[in-house]
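Single-structure report; data block below.
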Amino acid sequence: MNYWLMKSEPDEFSIDDLVAAPKQSTPWFGVRNYMARNYMRDSMTVGDGVLFYHSSCEVPGIYGLAEVASTSYPDDTQFQKKSPYYDPKAKKEEPRWMLVDVKLARKTRPMPLEEMRGYPQLAEMVTLRKGNRLSITPVTAAEWKFITAKLK
DNA sequence: GCCAACGTTGGC
DNA sequence: GCCAACGTTGGC
């Protein structure tokens with residue numbers, strides 16, 4: 001059992017989109033960074049906890065809890081010529097970009113980035129480290145416990 | 001395989 | 001819109 005923080009731009013896909021999605025589940029499409037891909041492909045297991053994070057928006061922060069709902073499989077948008085995520089170098093026989101399904105656990109109150117930065121317990125969080133831009137980062141069990149308790 | 005140039009992320 | 005940080009690309 002692992003824990004993750006996954007960023008999404010709410011203009012693209014928000015917590016409310018997840019609430020409204022069929023089965024409250026979505027393929028986590030569009031990741032085009034190898035480290036983030038590798039986390040999904042190699043390290044995630046069904047049932048892992050996910051902090052759903054809104055980035056590049058008015059109040060960046062955690063907006064809900066989710067969980068990994070599938071093993072990894074190819075991100076179909078890499079093959080779609082009209083998609084912004086199209087990758088001309090990706091081949092069906094040899095997909096580059098893999099994803100997992102993520103399903104809602106529950107929408108929570110927002111925990112803004114500013115609030116997160118105020119907790120010494122979260123000082124070491126990967127996503128809060130200077131210069132970190134990764135859209136998927138690991139979360140420790142202690143960080144998960146702390147955050148979910150605050151979001152009760 | 002180095003590394004400069006370029007592109008992207010994401011908070012502010 | 002700015003810009004720091006960092007990943008990727010491509011010439012050599």
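These figures come from a predicted structure and were not determined experimentally. Any value given below was found using the heavy atoms of this structure, including those in side chains, with hydrogens, waters and symmetry copies removed. So that the names make sense, note that chain A is the first sequence line, chain B the second, and so on, each numbered from 1.
Atom CG of A:Asp87 and atom P of B:dT8 are 13 Å apart (whole Å). Atom C1' of nucleotide B:dT8 and atom NZ of A:Lys7 are separated by 12 Å, given to the nearest angstrom. The distance between atom CZ of A:Arg129 and atom P of C:dA5, rounded to the nearest whole Å, is 16 Å. If you take CG of A:Asp11 and P of B:dG10, they are 13 Å apart, rounded to a whole angstrom. Here the C1' atom of nucleotide B:dT9 and the OH atom of A:Tyr53 are 11 Å apart, to the nearest Å. The interatomic distance linking A:Arg117 (CZ) with B:dC12 (C1') rounds to 11 Å, in whole Å. When rounded to the nearest whole Å, the span between CE of A:Met116 and C1' of B:dG10 equals 14 Å. Rounded to whole angstrom, the span from the CG atom of A:Asn132 across to the P atom of B:dC12 amounts to 14 Å.
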Output a table of nitrogen or oxygen pairs between the protein and nucleotides 1-4 of chain C separated by less than 3.5 Å.
none

(request) For side-chain contact (heavy atoms from CB on, under 4.5 Å), just list the numbers for A:Phe52 and A:Met6, CA-CA rounded to whole Å, side-chain angles, deciding distance to a tenth of an Å, and then say yes or no. (result) CA-CA 5 Å; A:Phe52 193 109; A:Met6 298 175 80; over 6 Å; no
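For the contact set between residues 29-40 of chain A and DNA chain B, defined by any heavy atom under 4.0 Å, there are no members.
Using a 4.5 Å cut-off on side-chain heavy atoms (C-beta onward), A:Asp48 and A:Tyr3 make no contact.
Residue pairs satisfying the salt bridge (Lys or Arg N to Asp or Glu O under 4.0 Å) criterion with at least one member in residues 78-92 of chain A, sequence neighbours excluded, are listed as follows: A:Asp76-A:Lys92, A:Asp87-A:Arg96. Judged as a salt bridge (Lys or Arg N to Asp or Glu O under 4.0 Å), not a single pair has a partner in residues 33-44 of chain A (not counting sequence neighbours). Judged as a side-chain hydrogen bond (donor to acceptor under 3.5 Å, both in side chains), not a single pair has a partner in residues 51-66 of chain A (not counting sequence neighbours). Within the structure, side-chain hydrogen bond (donor to acceptor under 3.5 Å, both in side chains) contacts touching residues 10-22 of chain A (residues at least two apart or in different chains) are A:Glu12-A:Tyr85, A:Ser14-A:Asp17, A:Asp16-A:Lys107. Applying the ring pair (Phe, Tyr, Trp, His ring centres under 6.0 Å) test to pairs two or more places apart or on separate chains, those with a residue in residues 96-118 of chain A are A:Tyr34-A:Trp97.
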Under 3.5 Å, which donor-acceptor pairs do the side chains of residues 119-130 of chain A form with other protein atoms, sequence neighbours left out?
from     : atom 1 : to       : atom 2 : distance (Å)
A:Tyr119 : OH     : A:Glu115 : OE2    : 2.5
A:Arg129 : NE     : A:Glu124 : O      : 3.4
A:Arg129 : NH2    : A:Glu124 : O      : 3.0

Side-chain donor-acceptor contacts of residues 134-142 of chain A below 3.5 Å, not counting sequence neighbours, with atom names and distances?
from     : atom 1 : to       : atom 2 : distance (Å)
A:Thr140 : OG1    : A:Glu143 : N      : 3.0
A:Thr140 : OG1    : A:Glu143 : OE1    : 3.2

